[in-house]
Chemist: 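Here it is: the structure, laid out below.
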Protein chains: 2
Amino acid sequence: MEALINLILQFGDLNKQQIEFLLSKVEMLEFKKDDYLSEAGKVPRYVAFVLEGVFRFCYYNNKGEEITNYFVDEGNFVVDNQKFESQIVASEYVQAVTDCKVLVFNKKNWDQISDTIVGWEMMKANMVKKCLTLAMERRSPLVSEDATTRYLSFIEAFPNMINRIPLSYVASYLGITQQSLSRIRRNIR
Amino acid sequence: MEALINLILQFGDLNKQQIEFLLSKVEMLEFKKDDYLSEAGKVPRYVAFVLEGVFRFCYYNNKGEEITNYFVDEGNFVVDNQKFESQIVASEYVQAVTDCKVLVFNKKNWDQISDTIVGWEMMKANMVKKCLTLAMERRSPLVSEDATTRYLSFIEAFPNMINRIPLSYVASYLGITQQSLSRIRRNIR
DNA sequence: CAAAGCATTTATCATTTGGTAAAAAGCGCC
DNA sequence: GGCGCTTTTTACCAAATGATAAATGCTTTG
């Protein structure tokens, strides 16, 4: 709980009452490895905060290949924000890469927070902005660098994920086949 | 002017007075092809709205290669938002790809708008969110697809830029050499 | 422990892309 | 029109990555 509050307080001040209120709206959930937090074709149900584990965003391209877009681990929010806020069906999956424990807000509770805490909308907007900016900074270099450089910068961006994520997910995040990634790892050693 | 107001009104309502006030804070500037709107190592001076022309974001990697990150054309804001808001030095250049005409807000005026128009902060946050989301959607597919597919989706994302942007910029945006892009164009025909 | 089911690594060859260099095309300028 | 400059296209070979297939390694489970 504390980790969630600490994160939120980086984006604005809340008094004790407001924090109490927030926590009264939260629910703890567990996801087994490979479970979906939200699915393409369905409306996302939760804003989730990761207590334990790793999630990934992924989708399928027109060749039926599964593409991993992004990883999220402990201490961060994981949500298909745009689709959650407007309650429309998602085009991406959010899947547990490991067993996960999360705190979630459902849409009703999430909206009640906006209605109750003055300034919450602004805090929320800044949280979203920060997440998107970070994601952009991490994704952008993936286009222009060669595969080895991309892999090295992946390790830098997600240092404590490397031992918990299947090789194939990392490979698709980097835009290469898993065979290529395996080869790259050999050459690095 | 009207284009600017129309864009802004998509993110919230403003009365006539507020629109007047906004317009009193704006300044028209022209940039010649290759001029910089903002530079790496300098604090961005303006939020700019493009009336005519195309800008690009670019930077230099550790091999001294120039990498184009993004393009912005008529009807859109162009600004290194994060660096502008916090007034810290940028690491990217924003350069005119063609001769450009823009409306700009300097930092002082931009802040005055926040102080004057109730709800402006929220509108601003939503504008930034929208821009970042769009940029993410455009950049992400560039990682996982092959070069030909990337080029085709570039044309789709920026249909009226293709004849105004040097081949080399497009190539670096797509993460390939200009020779490769030239070859790809030949094969498409 | 053995068997089965995944995940990862290797190997081989085809294809794509990069690097270098040079030719061709486009464009402003005198 | 011709000259100089920049941009784009070609060509050639080297290097990186993809596709396919098989081998190895690692877990789970009975």
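Throughout, a chain's letter reflects where its sequence line sits, starting with A, and its residues are numbered from 1. No hydrogens, no waters, no symmetry mates; every other heavy atom, side chains included, goes into these values.
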Chemist: Would you say A:Arg186 places a side-chain N or O within less than 4.0 Å of OP1 or OP2 belonging to C:dT10?
Modeler: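 Yes, within the criterion.
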Chemist: Compare the minimum distances between each of C:dG18, D:dT17, D:dT9 and the side chain of A:Asp146, then state the nucleotide with the smallest one.
Modeler: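 Comparing C:dG18, D:dT17, D:dT9 against the side chain of A:Asp146, the answer is D:dT17.
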Chemist: Rounding to a whole Å, what distance do you find between B:Ile162:CD1 and D:dT8:P?
Modeler: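 It works out to 10 Å between those atoms.
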Chemist: The side chain of B:Arg183 is closest to which nucleotide in this list: D:dT17, D:dC12, D:dT9?
Modeler: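 So the side chain of B:Arg183 is nearest to D:dC12.
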Chemist: Can you tell me the distance, in whole Å, between the CD1 atom of B:Ile188 and the C1' atom of D:dT9?
Modeler: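 Result: 15 Å.
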Chemist: Would you say B:Arg56 and B:Thr68 are linked by a side-chain donor-acceptor pair, where the criterion is simply a distance under 3.5 Å?
Modeler: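 Side-chain D/A pair, B:Thr68 to B:Arg56: present.
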Chemist: Tell me the interatomic distance from A:Gln178, atom CD, to D:dT24, atom P, rounded to whole angstroms.
Modeler: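 To the nearest whole Å, that distance equals 18 Å.
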Chemist: Parallel, tilted or perpendicular for B:Tyr93 and B:Tyr36, by the 30°/60° rule?
Modeler: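 Rings of B:Tyr93 and B:Tyr36: tilted, as their planes differ by 30° to 60°.
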Chemist: Is the NZ or CZ atom of B:Arg150 positioned over B:Tyr173's six-membered ring, under 6.0 angstrom from the centre and within 45° of the axis?
Modeler: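 So B:Arg150 doesn't make the cation-pi contact.
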Chemist: Rounded to whole angstroms, how far apart are NZ on A:Lys33 and P on D:dT28?
Modeler: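 Rounded to the whole Å, the gap is 10 Å.
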Chemist: Looking across every strand, which nucleic acid part, if any, lies under 4.0 Å from B:Ser182 by heavy atom: base, sugar-phosphate, or nothing?
Modeler: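 Base contact.
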Chemist: Could you check how far CG of B:Leu167 sits from C1' of D:dT10, rounded to whole Å?
Modeler: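 In whole Å, D:dT10 C1' lies 13 Å from B:Leu167 CG.
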Chemist: Counting side-chain heavy atoms from C-beta on, which of D:dT9, C:dT10, C:dG18 comes nearest to B:Ile176?
Modeler: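 When the side chain of B:Ile176 is considered, C:dG18 is the closest of D:dT9, C:dT10, C:dG18.
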Chemist: Mind checking whether B:Val97 and B:Lys33 have side chains closer than 4.5 Å, heavy atoms only?
Modeler: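 Result no, sub-4.5 Å side-chain heavy-atom pair not found.
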Chemist: Mind calculating the distance between CG (A:Leu174) and P (D:dA16) to the nearest angstrom?
Modeler: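 To the nearest whole Å, that distance equals 17 Å.
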Chemist: Whether the side chain of B:Thr116 engages the backbone of B:Gln112 through a donor-acceptor N/O pair (distance < 3.5 Å, no angle test) should be reported.
Modeler: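 Yes, because the side chain of B:Thr116 sits within donor-acceptor range (under 3.5 Å) of the backbone of B:Gln112.
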Chemist: Return whichever of A:Leu181 or B:Ile165 has its heavy-atom-nearest nucleotide of DNA chain D closer to the 5' end.
Modeler: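 On the 5' side of the pair lies B:Ile165.
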Chemist: Side chain of B:Thr177: nearest nucleotide among C:dT10, C:dG19, D:dT9?
Modeler: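 So the nucleotide nearest the side chain must be C:dG19.
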Chemist: What nucleotide, of C:dT9, C:dT17, D:dT17, holds the atom closest to the side chain of A:Ser180?
Modeler: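 Nucleotide nearest to A:Ser180's side chain: D:dT17.
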Chemist: For the side chain of B:Pro166, starting at C-beta, report the closest nucleotide among D:dA21, D:dT8, D:dT10.
Modeler: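 From the listed options, D:dT8 comes nearest.
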Chemist: To the nearest Å, how far apart are A:Gln179 CD and D:dA23 C1'?
Modeler: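 Nearest whole value for this atom pair: 13 Å.
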Chemist: Tell me the interatomic distance from A:Arg185, atom CZ, to D:dG25, atom P, rounded to whole angstroms.
Modeler: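 One finds 15 Å between P of D:dG25 and CZ of A:Arg185, rounded.
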Chemist: Under 4.0 angstrom, heavy atoms only, what part of the nucleic acid is A:Thr148 near: base, sugar-phosphate, or nothing?
Modeler: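 Nothing, no heavy atom under 4.0 Å.
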